[in-house]
Amino acid sequence: MKRLIAVAAMAVMLAGCQGMAAKVSRLEVGTSRDDVLERLGPPDSDRSIIGYEVMSWLDRRPSRFSFSHKDYTVVLKDTKVVQFGPGLVRRDGKTSLQIETGDP
């Protein structure tokens, strides 16, 4: 019985440690704003840019091998996801946005 409780506790802890990348990867275009907030929690920033809502989460936890970080952005139009992924958003012309990863 003790072993079962220990295994259950470990499973709960591992589920809580799930990284932001895994959570973001399960989003889909068309996901509602409420579902995004339920899956990812409250954003670190939420702003409006040229008719889009842009929410960002900062993943600042150091890993075992690196102290780097990634920012994750979700772009919504009319409360539905139109873009998501790692990186920060920039304007791409007068009426569109693009998430830039910063990778060469």
Side-chain angles (χ1 to χ4, degrees):
M1 183 66 166
K2 287 182 182 180
R3 183 173 288 171
L4 180 63
I5 292 171
V7 170
M10 184 67 82
V12 168
M13 287 189 301
L14 289 175
C17 293
Q18 182 181 25
M20 183 60 71
K23 292 177 184 180
V24 170
S25 71
R26 285 197 285 276
L27 293 178
E28 296 178 5
V29 171
T31 302
S32 73
R33 183 183 193 281
D34 291 338
D35 285 344
V36 170
L37 293 174
E38 183 178 308
R39 293 178 191 184
L40 304 181
D44 293 307
S45 92
D46 187 359
R47 60 196 184 280
S48 179
I49 303 174
I50 60 171
Y52 293 91
E53 181 178 8
V54 179
M55 296 190 293
S56 299
W57 287 263
L58 310 176
D59 193 12
R60 300 280 192 236
R61 290 178 300 152
S63 70
R64 175 186 272 180
F65 302 106
S66 171
F67 285 95
S68 65
H69 67 275
K70 274 202 173 169
D71 299 325
Y72 294 89
T73 300
V74 176
V75 180
L76 300 105
K77 180 76 171 178
D78 300 324
T79 71
K80 299 290 183 189
V81 173
V82 293
Q83 289 184 58
F84 61 93
L88 298 173
V89 74
R90 71 169 174 85
R91 283 180 75 160
D92 188 30
K94 290 184 177 183
T95 59
S96 62
L97 300 175
Q98 180 67 40
I99 297 174
E100 284 190 339
T101 62
D103 294 337

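Remember, it's a predicted structure, so these values are computed and weren't measured experimentally.
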**OP:** Say whether Met20 and Val74 are linked into one hydrophobic cluster, either directly or through other cluster members, by side-chain heavy-atom distances under 4.5 angstrom.
**Re:** yes

Specify the closest pair of heavy atoms between [X] and [Y], including all atoms of both residues, with the distance to one decimal.
{"X": "Arg91", "Y": "Ile49", "answer": "CG-CG2, 4.2 Å"}
{"X": "Tyr72", "Y": "Ala21", "answer": "OH-CB, 3.3 Å"}
{"X": "Leu88", "Y": "Thr73", "answer": "CA-OG1, 3.8 Å"}

Subject >> Any side-chain heavy-atom pair of Val81 and Val75 under 4.5 Å >> reply: no

Subject >> Side chains of Ser48 and Glu53 in contact at under 4.5 Å (non-hydrogen atoms) >> reply: no

Original post:
Stepwise, does the side-chain contact (heavy atoms from CB on, under 4.5 Å) test hold for Val82 with Leu76?
Top reply: CA-CA 5 Å; Val82 293; Leu76 300 105; 5.9 Å; no

Under 3.5 Å, which donor-acceptor pairs do the side chains of residues 36-46 form with other protein atoms, sequence neighbours left out?
residue, atom, partner, partner atom, Å
Arg39, NH1, Arg26, O, 3.1
Asp44, OD2, Leu58, N, 2.6
Ser45, OG, Arg47, NH1, 3.1
Asp46, OD2, Arg33, NH2, 3.0

Original post:
Which pairs count as side-chain hydrogen bond (donor to acceptor under 3.5 Å, both in side chains) when at least one residue sits in residues 77-90, sequence neighbours excluded?
Top reply: Arg90-Glu100

**OP:** Please report the C-alpha distance between Leu97 and Asp92 in whole Å, then the side-chain angles of each, then the deciding distance to 0.1 Å, and finally whether the side-chain contact (heavy atoms from CB on, under 4.5 Å) criterion is met.
**Re:** CA-CA 5 Å; Leu97 300 175; Asp92 188 30; 5.9 Å; no

**OP:** Dump the intermediate steps for side-chain contact (heavy atoms from CB on, under 4.5 Å) on Trp57 and Val24, then the final yes or no.
**Re:** CA-CA 10 Å; Trp57 287 263; Val24 170; 5.9 Å; no

